[in-house]
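Report on one structure; see the data block that follows.
Chain naming here is simple, since letters A, B, ... match the order of the sequence lines and numbering starts at 1 in each. Below, all heavy atoms of this structure are taken into account, side chains as well, without hydrogens, waters or symmetry copies. Since we're looking at a predicted model, the values are computed, not measured.
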Amino acid sequence: MALAHVILGLLAGGERHGYDLKRQHDARFPLARPLPAAQVYATLDRLQRDGLVAPGAVERSGGPDRTAYGVTPAGRAELERWLDDVEGPEPFVASPLSVKVTLALLAAGDDAATGYLRRQRAAHLARMRELTRTVTDPGTSIAAVLAAGYALDHLDADLRWIDTALSRVSAYSEELRS
Amino acid sequence: MTASAAPAADVVLDARELVRNYDRTPALRGVSLAVRAGEVVAITGPSGSGKSTLLHCLAGIVRPDEGEVRWQGRRIDTQSEAQRSRLRRTEFGVLFQFGQLVPELTAAENVALPLLLAGTRRRTALGTAEGWLDRFGVAELAGKRPTEMSGGQAQRVATARALVTGPAVLFADEPTGALDTLAGEQVLVQLTRAARESGTTVLVVTHDAKVAAHADREVVLRDGLIESDDQALLGAAGARR
């Protein structure tokens with residue numbers, strides 16, 4: 001997902017200056033990595049160069065001037081095209097977890113693979129507990145509940161894979177040796 | 001695998017070297033587990049790992065073939081069925097995947113049932129039951145029978161019934177297994193919140209890591225043995241590390 005489309009989406013409701021966009025991003029996507037302001041300004045420059053945003057009002061309030069940007073008709077069309085697009089499922093599925101299990105079996109044997117899977121399971125469950133506390137706290141915003149729920153479901157999928165892998169370590173090890 | 005001689009002071013439930021077979025099939029092959037007061041413990045593992053059998057042994061529903069179960073220091077595995085049944089009515093709460101509500105009774109009567117069996121006056125019992133239904137967000141169901149409820153609503157009523165006597169420990173076997181994600185989440189949140197507020201110890205059997213993530217501790221069973229226990233008590237052996 002390109003940051004350019006995120007910025008176009010955040011500007012769809014009206015003009016905003018760069019730092020306001022960064023704040024909006026971090027508030028709307030609570031579990032996402034906070035956005036560096038410099039990356040916002042660089043992306044705004046590219047969007048302006050491509051005619052997708054245009055500078056609007058300039059805010060002068062003591063500090064340096066701050067230019068607000070708005071979406072152009074071309075920018076709105078690009079945003080609508082992107083929103084209509086379906087995200088393709090990941091074509092490559094070799095996760096670090098499965099790569100590690102294979103390499104642990106090849107390099108160190110069944111006990112190393114089993115030990116790694118158990119430690120990874122514990123780490124995943126610990127993170128799931130943290131996220132569950134977020135989700136179940138009555139004061140948590142819906143944005144944070146949805147973001148944490150998304151993370152929980154993905155960790156849960158990993159964990160189910162870990163459980164399956166744990167029950168197949170011996171068989172997989174035999175296959176690798178044959 | 002050896003059991004410790006003396007459990008930690010705050011251990012309320014202490015199982016040692018439990019063995020249980022069904023015909024010739026072993027379900028538990030020597031499980032030891034100590035649970036502290038107020039802990040929320042998830043017992044997980046694949047199908048057939050022995051997790052439900054362990055819960056049923058701990059709750060006094062089935063007797064182990066070998067080993068012992070102590071509740072607050074008292075052996076319960078050697079007690080008569082009548083004694084264990086009384087224990088389940090007075091000190092334990094039990095919740096199953098399907099709430100097992102009595103179909104002829106309303107929600108309020110179902111929740112009041114354990115209090116009525118313990119001799120509480122009907123009016124008082126129904127008043128307490130309605131308070132619990134309100135706490136679980138289903139006060140409007142007080143006069144409805146189970147056939148008029150959704151699965152999630154019925155399970156909330158069953159959870160209220162399991163907690164209405166203020167049990168010291170709640171045993172729950174796949175309590176959300178029959179519910180959709182959102183309904184299951186709501187039941188779990190309310191169950192664990194109510195238990196933590198009252199200091200009730202909870203043991204919940206589940207195959208679902210998202211359910212286990214609501215617990216403070218996870219005990220994983222595999223092939224009738226404890227494979228891992230992420231908060232095992234020092235000296236309370238039983239985890240196959």
Side-chain angles (χ1 to χ4, degrees), chain A residues 31 95 97 101 104 109-173, chain B residues 39-51 135-137 159 176-177 180-197 202 204-232 239-241:
Chain A
L31 291 191
S95 80
L97 274 62
V101 171
D110 293 19
D111 286 350
T114 300
Y116 160 70
L117 283 165
R118 287 188 184 157
R119 290 193 305 280
Q120 191 65 60
R121 192 183 191 291
H124 266 54
L125 192 67
R127 179 63 179 142
M128 286 177 74
R129 282 195 185 120
E130 288 173 15
L131 291 165
T132 298
R133 281 195 286 274
T134 300
V135 167
T136 56
D137 182 341
T140 304
S141 68
I142 292 173
V145 166
L146 287 174
Y150 181 86
L152 264 171
D153 284 343
H154 282 72
L155 288 166
D156 182 44
D158 275 357
L159 217 139
R160 276 183 274 133
W161 178 85
I162 289 170
D163 283 339
T164 304
L166 270 168
S167 64
R168 293 188 168 176
V169 163
S170 303
Y172 186 26
S173 177
Chain B
E39 268 192 309
V40 179
V41 182
I43 301 172
T44 69
S47 296
S49 58
K51 51 190 190 296
R135 192 168 174 182
F136 277 72
T159 308
T176 60
D180 65 49
T181 306
L182 196 56
E185 183 71 26
Q186 287 168 342
V187 167
L188 271 174
V189 168
Q190 287 168 331
L191 186 160
T192 50
R193 187 176 295 152
R196 286 187 171 116
E197 282 170 4
V202 177
V204 56
V205 160
T206 181
H207 66 279
D208 183 345
K210 285 169 72 179
V211 173
H214 284 262
D216 310 314
R217 171 182 175 191
E218 187 196 35
V219 177
V220 184
L221 262 70
R222 192 177 292 270
D223 300 330
L225 290 168
I226 291 182
E227 179 180 85
S228 67
D229 180 347
D230 61 7
Q231 316 260 325
R240 190 178 63 184
R241 298 260 179 197

Is B:D216 in contact with chain A via its backbone, its side chain, both, or neither, using a 4.5 Å heavy-atom distance? backbone
Let me know if B:T192 has heavy atoms under 4.5 Å from chain A in its side chain, its backbone, both or neither. neither
Quick check: do A:L152 and A:T132 have side-chain heavy atoms less than 4.5 Å from each other? yes
With a 4.0 Å cut-off, would you call A:R121 and B:E227 a salt bridge? no
Interchain contact, A:R160 with chain B, by part (heavy-atom threshold 4.5 Å): neither
Identify whether the distance between the nearest side-chain nitrogen and carboxylate oxygen of A:R127 and A:D158 falls below 4.0 Å. no
Donor-acceptor contact below 3.5 Å, side chain B:K51 vs main chain B:I43: no
